[in-house]
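Take a look at the structure set out below.
As the structure lists them, so they are numbered: ligands from 1, and atoms in each ligand from 1. Position 1 is the first residue of the sequence, and the numbers go up from there.
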Amino acid sequence: MLQPNRYWQTSTIASSLSQADLLNQLIDEAEAIVIGIGAGMSAATGFTYIGKRFTDAFPDFIEKYGLLDMLQASLFEFEDRQEYWAFQSRFCLLNFFDQPVGQAYVDLRQMMSNKNYHIITTNADNAFYAAEYDMDKVFRIQGEYGLWQCSEHCHQQTYQNEALLREMVEKQSNMKVPEDLVPYCPKCGAALEVNKRTEEKGMVEDGHFHEQKDRYEQFLKENKDKKVLFLEIGVGHTTPQHIKHPFQQMTEKNEKALFVTMNQKEYFIPRNIRPRTVRIDEDIEEVLHRASSK
Ligand SMILES: [Zn+2]
């Protein structure tokens, strides 16, 4: 993978460094860092969508539908709106409003203090808020579990009502919330749903979303000819169009850029950027913790 090159001093000694030291050196040497964060980062720091965290929260849904994974379950076609909200209200408290701080997010934030960086994430959980990031530097391209949208996408506005979600969790029984708690679109009367992107319909993108998108694009533009580190952390292959592919394409276009992929799984790397690719395959939380403690 990473070959010695004239732009990055670190590239000449890379093979002698531990993965945490290598990451630190590259971050120190970079003029700009674009960080892409996927589900693997949240999973590495304890916010898993499978196992005990799922089975403890949704034993009834698992028994009824044989669901295997909380993220898949959140996209399931439930019987009706009352059942949909019985699931989503619990899901949104667990993965957003009541989500605790993740150590890997704290470590990464500390590593970025005083750095020129920007983040794009496909995660819709609350990990960045919980770890007190500067949210002007985070672009949440796949929405947020804390927001709602019109299921017909009749207008580009999102809504939030944490108190109502808590009431749904409290008052649900037999996997249904009371009918009068089901929220509807104030404009067209269609059902509201959790703010998320689907292949068929896309996603409601309001002013808040476009501000985030503009800031991210501005950062890419301002730094496009610099020594940029494209650092993807826990990015799989579910939606490669948001992080993985653009990062690889931008690396290819800028000969000074490096592509760093932190993932225990190995994914295909286009041949043109292989000499400028660094793969960090040790545990994400451990590497970030060691790197941030130096
Ligand atoms: Zn509507």
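The environment of Lys115 atom NZ is dense: over 12 non-hydrogen atoms of other residues, nucleotides or ligands sit within 6.0 angstrom.
Under the side-chain hydrogen bond (donor to acceptor under 3.5 Å, both in side chains) test applied with Glu205, the options Arg197, Gln212, His153, Gln156 reduce to a single match, Arg197.
One finds the CE atom of Met135 at 9.0 Å from the CZ atom of Arg215 (value rounded to the nearest 0.5 Å).
Using modelled atom types, one finds a donor on one side chain and an acceptor on the other under 3.5 Å when comparing Gln149 with Asn195.
Within the sub-2.8 Å shell of the Zn ion (ligand 1), the protein contributes these N/O/S atoms: Cys150 SG, Cys154 SG, Cys185 SG, Cys188 SG.
Looking at Asp107, its side chain never comes within 3.5 Å of a backbone N or O of Glu285 through a donor-acceptor pair.
In this view, Thr261 and Glu232 satisfy the side-chain hydrogen bond (donor to acceptor under 3.5 Å, both in side chains) rule, not counting sequence neighbours.
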